Amino acid sequence: GSFIQDFTGAPGYILSIVFSPDGLYAYSAGGGNTIKKWDMQTGLSVLDITGHGWTVNAMAITPDNRYLVSVSNDQTIRQWHTVNGTELRSWTISGYYSTLVTVTSDSMFAFVFTEDYRLRQLNLMNGAVNRTIQMCCAAQGAYSMVLSLDSRYLFIGGIDHKIRKW
């Protein structure tokens with residue numbers, strides 16, 4: 001394909017881009033601590049979402065297009081309302097930053113992977129941490145994480161040239 005358009009104005013380098021399920025918006029984040037919401041038709045930034053104190057490593061948007069979940073080096077996980085960027089809740093993982101996030105197909109839960117090799121299941125409806133799983137050495141060097149479309153399986157890939165199914 002050929003180049004179509006630049007989206008300019010990001011406050012820092014980009015580590016994560018996610019699209020809204022309806023395809024109308026994209027969200028970008030990274031080194032500038034700010035999440036930007038972009039209009040896909042105009043290429044213009046329509047909303048700055050602020051609250052993280054350090055690099056935003058990854059984001060996920062719920063399939064119902066209601067929530068955006070972001071993880072950061074500031075040791076927080078934050079849940080945002082996609083329409084206006086209001087922070088709905090945050091979780092703090094003391095001493096560790098979060099690197100990966102994915103959400104379930106029913107928009108009820110987020111799974112977050114942190115640098116202490118733990119996977120946390122967060123309830124996006126009530127804020128509870130439903131469970132924490134120690135992933136041990138099998139997940140060290142994880143750089144990618146996704147749930148299957150039916151949310152039954154979690155796949156983690158990393159520096160060891162393997163994709164692991166949980």
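Worth saying up front: this structure is predicted, and the values here are computed from it rather than measured.
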Mark yes or no for whether T42, through its side chain, and L44, through its backbone, hold a donor-acceptor pair below 3.5 Å. yes

Taking atom types as modelled, is there a side-chain donor on D6 or T8 under 3.5 Å from an acceptor on the other? no

T114 (side chain) donor-acceptor with Y96 (main chain) under 3.5 angstrom: no

Are Y153 and L147 side-chain neighbours, meaning at least one heavy-atom pair lies under 4.5 Å? no

Could you see if V101 belongs to whatever hydrophobic cluster contains M108? Use Ile, Leu, Val, Met, Phe, Trp, Tyr and a side-chain cutoff under 4.5 Å. yes

For W91 and N123 the tightest heavy-atom approach is CZ2-O, 4.0 Å

Interatomic distance, I14 atom CD1 to S28 atom OG [nearest 0.5 angstrom]: 4.0 Å

Determine whether Q79 and L124 make a side-chain contact, defined as any pair of heavy atoms from C-beta on separated by less than 4.5 Å. yes

Cation-pi check for F155 against K165: NZ or CZ below 6.0 Å from the six-membered ring centre and within 45 degrees of the axis, yes or no? no

Indicate yes or no: at least one non-hydrogen side-chain atom of T102 is less than 4.5 angstrom from one of L154. yes

Verify side chain to side chain contact (heavy atoms under 4.5 Å, CB included) between Y97 and D74, making sure each step is shown before the conclusion. CA-CA 6 Å; Y97 61 85; D74 68 4; over 6 Å; no

How is the hydrophobic cluster of V56 composed, in terms of its other members, when Ile, Leu, Val, Met, Phe, Trp and Tyr link through side-chain heavy atoms under 4.5 Å apart, directly or indirectly? V18, L24, Y25, Y27, I35, V46, L47, I49, M59, I61, L68, W80

Under 3.5 Å side-chain donor-acceptor pair for S151 and S105: yes

If we ignore hydrogens and angles and just use 3.5 Å, is the side chain of Q75 paired with the main-chain N or O of G95 as donor and acceptor? yes

hydrophobic_cluster_shared for Y67 and V83, side chain cutoff 4.5 Å: no

Verify whether one side chain among N33 and H52 offers a donor that lies under 3.5 Å from an acceptor in the other. no

Starting from the C-alpha separation in whole Å, work towards a yes-or-no answer on side chain to side chain contact (heavy atoms under 4.5 Å, CB included) for I93 and I77. CA-CA 8 Å; I93 310 298; I77 302 150; 3.8 Å; yes

What about V112 and V129, same hydrophobic cluster or not, with Ile/Leu/Val/Met/Phe/Trp/Tyr joined at side-chain heavy-atom distances under 4.5 Å? yes

What residues, two or more places apart in sequence or in another chain, satisfy ring-ring contact (aromatic ring centres under 6.0 Å, His included) together with W38? F7

With rounding to the nearest 0.5 angstrom, report the OG1 to CG distance, T82 to N65. 4.5 Å

For residues T55 and Y13, determine if any side-chain heavy atom of one lies less than 4.5 Å from a side-chain heavy atom of the other. yes

Test log, rule side chain to side chain contact (heavy atoms under 4.5 Å, CB included), inputs L100 and V71: CA-CA 7 Å; L100 302 170; V71 298; over 6 Å; no

Tell me whether Q134 at atom CD has more than 12 heavy atoms from other residues, nucleotides or ligands lying less than 6.0 Å away. yes

Enter the distance from T132:OG1 to L119:CG here, rounded to the nearest 0.5 Å. 8.5 Å

Name all pairs fulfilling the salt bridge (charged side-chain N to carboxylate O under 4.0 Å, His left out) condition that reach into residues 79-91, sequence neighbours left out, sorted by first residue then second. R78-E87

With a 3.5 Å distance limit and no angle check, can you tell me whether S148 reaches the backbone of R152 through a side-chain donor-acceptor pair? yes

Please, which pairs that meet salt bridge (charged side-chain N to carboxylate O under 4.0 Å, His left out) have at least one residue in residues 20-41, sequence neighbours excluded? K36-D48

Which pairs, with at least one residue in residues 93-118 and sequence neighbours excluded, count as a salt bridge (charged side-chain N to carboxylate O under 4.0 Å, His left out)? D116-R118, D116-R120

Linking Ile, Leu, Val, Met, Phe, Trp and Tyr by side-chain heavy atoms under 4.5 Å, what else ends up with W54? none

Which heavy atom of F111 sits nearest to which heavy atom of M145, and what is that distance? O-CE, 3.3 Å

On a heavy-atom basis, the closest approach of P21 and P63 is CG-O, 3.4 Å

Here the pair of heavy atoms bringing S107 nearest to M125 is O-CE, 3.3 Å

Run V103 and F109 through side chain to side chain contact (heavy atoms under 4.5 Å, CB included) and show every step you take. CA-CA 6 Å; V103 293; F109 303 99; over 6 Å; no

